[in-house]
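Please read the structure below before turning to the comments.
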Amino acid sequence: MAAEDLARYARFVELLTSCQQPLYAYISTLLAGDSSAQDVLQETNIELWRKADLYDPEKPFLPWAYRFAYFRVLTFRKTQGASKLVFSNELLDLVDEAYRAGSEEIDERLSALHACLQRLHPSQRDLVRYRYEEGRSAAEIAARFEVSEQSIGGRLYRLRRILSECIELRIRQSTL
Amino acid sequence: MSHRSAPQALADAIAALLENPGDAERRRAFSEALEANPEFVADYVGQVRVHAMLQWALSKNSASERSSPSPVELLADEISPLLSDRSRRRRRRGLLWAVAASIAVVAGATFYMTSSPELGTVVAATNVTLTDQSRELAPGEVFRAGVIEATEGSCSLRFKSGVELLCDGAFRLRIVDGMLVELEEGKIRANVPPVARGFSVDTPDTFLVDQGTEFGVDAEATNGTQVVVFKGEVDVSTKHAAAGDATRRLVQGEGAQLLSGRAQLDRVSQVVTDPVPAKWSARADGDSLLSVSDNIRSADSLKYYNIVVDGLQEDALACVDRPHQWNGVDAAGIPKIVRGAEYVQVFNDDRYKQSYELHVTVKKPATLYLMIDDRVKQLPEWLTQNFEDTREDIGLDEGRSPLFARTTAEGSGRSIDHRFSIWKREFEKPGEIVLRNLTRRSVHGMYGIAAVETSK
């Protein structure tokens, strides 16, 4: 392989590696959190590699990658029975549009997430730790603290909302 | 991007869906709620986006751990040429594998393996035979695909992918390529760096795919295979199970055994580790001073107690389910009576379980020590009637994630969160005692357990 081609593929690997989180989040959103998101991500990665020659390095990588991910999601949906699909096709398009409307500034978002986590109340940080760092389910956390699973689910919902708003605020402030 | 809050029913449905997306009823409830309120799609997107970011950034299997610091060099120049066609066919999961396989697809023959590439270096070897060449493996030499075996030996291999493999005792190991080994018999311990995630071990009963971890495998021709995860995660596929039930992910602190010909993974209740030579055993007849079993772990749980030989040193991990560490309460260090003792890493989650019973077997004449949290004011009779307070204390450094700007400190007398009193009971001959719950009336940590052989 020529040095020029190798350098090109090297750049492609860097781009592909750096966009794994947003691609995962995007696929996970379109699949409503389905655990198959990781598999679809891998299929997307392989597809991106196969089409690497088509990528124009002058253009942003992520929007280009989202399109492949979107079609891999559609392919995945075809393999599922209709009863297993969470979204209608129309709703899927709405979700896709809403997601990509705020899908830039990935590094800034992750950075903002860490900053926002530091601002949480200690009890909220504990909940983050139990749920995401230790990987416990809401049911396990509920059993541990002798509260209902719905209560933990509600707290997690509010927590994610607080974080989402905090991240959006930081992104807006950084672009002013 | 600001948006209104979703109505309660939709909020509940989103929360429930993210907890269990595979639940058909929850999916239907969510779908109906969102279809009825499409103006709240942005709220849903915000929820899942943050959910996915938290999963990605914080989970033990996080992307930051997975990603390679120099993916191009490692993937193109190192990993891909080291994968055999056989290995490629077997692996499916894992970003690195996907990328590495794709590199091979894209780059064509340039990156394919040569007939027998160098796979790594032998760090240490004692009484290990390189079967194909009928000679002993030598420290410092490079190794390639082939079979190594020993009747009583040990070796340490460092793969180019960064994988460290320790073999111990009687074993026969076929090195297929840089990412796959076949353990026909014997015991190995693998330390797999994030960049080599996907490293696999094939045994007669199981197929293991590393998901970024340190794990041990013990395969016996007649007794099946045992798998123990020390850090991270491993996917274990059982070869005798029906499709769909064949794979289970084990996480840190979990161990499983698969008896030959069986389809079901069973719990390994305890693992004995010896940190200095990095030896371990999940066999019940191990050479430890203590053995333990409880009455509460169901067949669904694969968590194990970790018995650490000579392990009670500064910063020793106290629990299998927390980052807590044992330390001396001041500069004098851990009290001499328990310093260097064999100890049990327990489950902190068990501390408030009323029906909890822990059966502790002391196999030789020894002093059994319990470390009891000083926050417990009303001590139970099972403790006061069977044990004696030594008036010595040990400290617990609870630590937390670096994320929360607080972590465990190194060494004695630093970052001590709680003091524990050391109680003792003499066993003049081998015996057993049942330990129970302390109390539910006060906040406290789980007790610690240690033992020192009388003759020491």
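Just so it is clear: chains get the letters A, B, ... in the order the sequence lines come, proteins before strands, and each one is counted from 1. No experiment lies behind these values; they were computed from the predicted model shown.
Partners of Val73(A) according to the side-chain contact (heavy atoms from CB on, under 4.5 Å) rule, which considers only residues two or more places apart in sequence or in another chain, are Ile27(A), Leu30(A), Leu31(A), Val40(A), Arg77(A).
Taking the six-membered ring for Trp and the full ring otherwise, the centers of Tyr44(B) and Tyr99(A) sit at least 6.0 Å from each other.
In this structure, OG on Ser28(A) lies 13.0 Å from CE on Met53(B), to the nearest 0.5 angstrom.
Ala15(B) approaches Gly153(A) most closely through the heavy-atom pair CB-O, 3.4 Å. When all heavy atoms of Gly46(B) and Ser164(A) are compared, the pair lying nearest together is CA-OG, 3.9 Å. Shown here for Leu113(A) and Leu54(B), the closest heavy-atom pair between the two residues is CD1-CD2, 3.9 Å. Residues Val45(B) and Thr29(A) approach most closely at CG2-CG2, 4.1 Å, considering heavy atoms.
The residues Arg160(A) and Asp43(B) are annotated as not salt-bridged, no charged nitrogen and carboxylate oxygen being separated by less than 4.0 angstrom.
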Legend entry - Criterion side-chain contact (heavy atoms from CB on, under 4.5 Å) on Ile152(A) and Glu19(B), from CA distance to verdict: CA-CA 10 Å; Ile152(A) 296 297; Glu19(B) 278 309 309; over 6 Å; no

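Within 6.0 Å of CZ in Arg119(A) there are 12 or fewer heavy atoms belonging to other residues, nucleotides or ligands.
Both the backbone and the side chain of Glu35(B) come within contact range of chain A, each with at least one heavy atom under 4.5 Å from a heavy atom of that chain. Contacts of Leu94(A) with chain B are made by both backbone and side-chain atoms, with heavy-atom separations under 4.5 Å. Heavy atoms closer than 4.5 Å to chain B are found nowhere in Glu90(A), neither backbone nor side chain. For a residue to count as touching a neighbouring chain, one of its non-hydrogen atoms must lie under 4.5 Å from one of that chain's; by this rule Leu48(A) does not touch chain B. Proximity to chain B (any heavy atom under 4.5 Å) is restricted, for Arg136(A), to the side chain, taken from C-beta onward. With a 4.5 angstrom heavy-atom cutoff, Ser36(A) does not touch chain B via any of its atoms.
In this structure the side chain of Arg49(B) never reaches within 4.5 angstrom of the side chain of Tyr26(A), judged on heavy atoms. At a threshold of 4.5 Å between non-hydrogen side-chain atoms, the residues Glu134(A) and Gln252(B) do not count as touching.
Counting only residues at least two apart or on different chains, the disulfide bond (SG atoms under 2.5 Å apart) pairs with a member in residues 117-174 of chain A are Cys116(A)-Cys166(A).
At least one donor-acceptor pair closer than 3.5 Å links the side chain of Gln47(B) to the backbone N or O of Tyr157(A).
Taking chain B as the reference chain and counting heavy-atom pairs below 4.5 Å, the highest number among Glu149(A), Arg131(A), Arg158(A) is found for Arg131(A).
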